[in-house]
Amino acid sequence: MTTPDRPKSRIEVHLLGGPVVVVDGSRVKLSPYQTCLLGLVFGHGAKGLTREKAIDLMYDQVDGHAQRRRISQLLLEIKQRSGRKIIETESDWLRPAPEVVVGGVEAAYAN
């Protein structure tokens, strides 16, 4: 017996007035650090940025190991809250997931 595939949720990231994550029309609540990381990754476009660059921009004092671990925790928390991976990692790079729609401010605050 097979089960039908569940349709994937529509995930949008709005940078203006945010950044804000919207899943199937509902806004996802993120912490300030999650929001900061999301804005940095999506604000750098499809190329994204390195973990090191994100660390340099997010933290005053750099303790490489601790901040790299914190970035990994933030990525996991964003995934858990949104229901899908919206930031992809490849080697040391953080990039927007290609299936995420980047939208305008109007849709983010419609609810």
Side-chain angles (χ1 to χ4, degrees):
M1 181 173 161
T2 61
T3 57
D5 289 336
R6 203 174 119 194
K8 285 194 172 185
S9 302
R10 178 180 169 88
I11 297 183
E12 303 171 33
V13 171
H14 302 274
L15 296 177
L16 298 174
V20 175
V21 175
V22 178
V23 178
D24 289 336
S26 296
R27 191 172 169 175
V28 175
K29 184 175 171 86
L30 297 175
S31 76
Y33 277 100
Q34 293 164 354
T35 301
C36 180
L37 182 58
L38 185 78
L40 286 173
V41 172
F42 279 83
H44 277 82
K47 183 179 178 186
L49 75 164
T50 65
R51 286 178 192 262
E52 294 305 316
K53 183 68 172 176
I55 289 168
D56 287 345
L57 294 170
M58 290 178 68
Y59 300 101
D60 289 334
Q61 297 178 351
V62 177
D63 172 6
H65 180 71
Q67 271 104 10
R68 287 182 70 79
R69 179 162 168 71
R70 183 63 184 131
I71 294 289
S72 295
Q73 290 171 333
L74 291 170
L75 291 168
L76 178 61
E77 292 165 358
I78 292 169
K79 179 182 175 183
Q80 289 171 335
R81 289 185 182 210
S82 65
R84 279 213 326 253
K85 185 185 278 191
I86 61 175
I87 297 174
E88 292 187 342
T89 59
E90 181 182 328
S91 184
D92 201 40
W93 284 86
L94 307 173
R95 294 186 176 95
E99 65 272 9
V100 176
V101 176
V102 180
V105 69
E106 304 82 19
Y109 293 98
N111 291 339

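Sequential numbering from 1 along the given sequence is applied to the chain's residues. Scope of the values below: all heavy atoms of this structure, side chains included, with no hydrogens, waters or symmetry mates.
The hydrophobic cluster containing L57 also contains I71, counting ILVMFWY residues as joined when their side-chain heavy atoms lie under 4.5 angstrom apart, directly or transitively. A continuous path of ILVMFWY side-chain contacts below 4.5 Å connects I78 to Y59, so both sit in one hydrophobic cluster. Hydrophobic cluster membership is shared by V102 and V28, with clusters built from Ile, Leu, Val, Met, Phe, Trp and Tyr side chains linked at under 4.5 angstrom.
R51 CZ to S91 OG: the interatomic distance, rounded to the nearest 0.5 Å, is 9.0 Å. Note that CG of D24 is 9.0 Å distant from CD of E12, once rounded to the nearest 0.5 Å. With values rounded to the nearest 0.5 angstrom, Q34 atom CD is found 14.5 Å from K79 atom NZ. Between the CD atom in E52 and the CD atom in Q67 there is a gap of 9.5 Å [rounded to 0.5 Å]. Within the model, atoms CG of L40 and OG1 of T35 stand 11.0 Å from one another, a figure rounded to the nearest 0.5 Å.
Between R70 and E77 there is a salt bridge, since at least one side-chain N of the basic residue sits less than 4.0 Å from a carboxylate O of the acidic one.
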For this session: Just do the side chain to side chain contact (heavy atoms under 4.5 Å, CB included) check on R68 and D92 with the steps written out, would you?
Result: CA-CA 10 Å; R68 287 182 70 79; D92 201 40; 3.0 Å; yes
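Minimum interatomic distance between F42 and A97 (heavy atoms only, all atoms of both residues): CZ-N, 4.5 Å. Here the closest heavy-atom approach between residue T50 and residue K53 is recorded as OG1-N, 3.0 Å. Contact record, C36 with M58: SG-CG, 3.7 Å, taken as the closest heavy-atom pair. For the pair L37 and A54, the tightest heavy-atom approach, listed with the atom from each and the gap, is CD1-CB, 4.2 Å. For the residue pair L49 and V41, the shortest heavy atom distance occurs at CD2-CA, 3.6 Å. The shortest non-hydrogen separation linking S31 to R81 is N-NH1, 3.9 Å.
In this structure, the side chains of I86 and L38 come closer than 4.5 Å at one or more pairs of heavy atoms. Taking the side chain as every heavy atom from C-beta outward, R84 and V23 never approach each other to under 4.5 Å. Proximity of R95 to H44: side-chain heavy atoms (C-beta onward) are nowhere separated by under 4.5 Å. Contact of the L94 side chain with the L75 side chain is registered, since non-hydrogen atoms from C-beta on lie closer than 4.5 Å.
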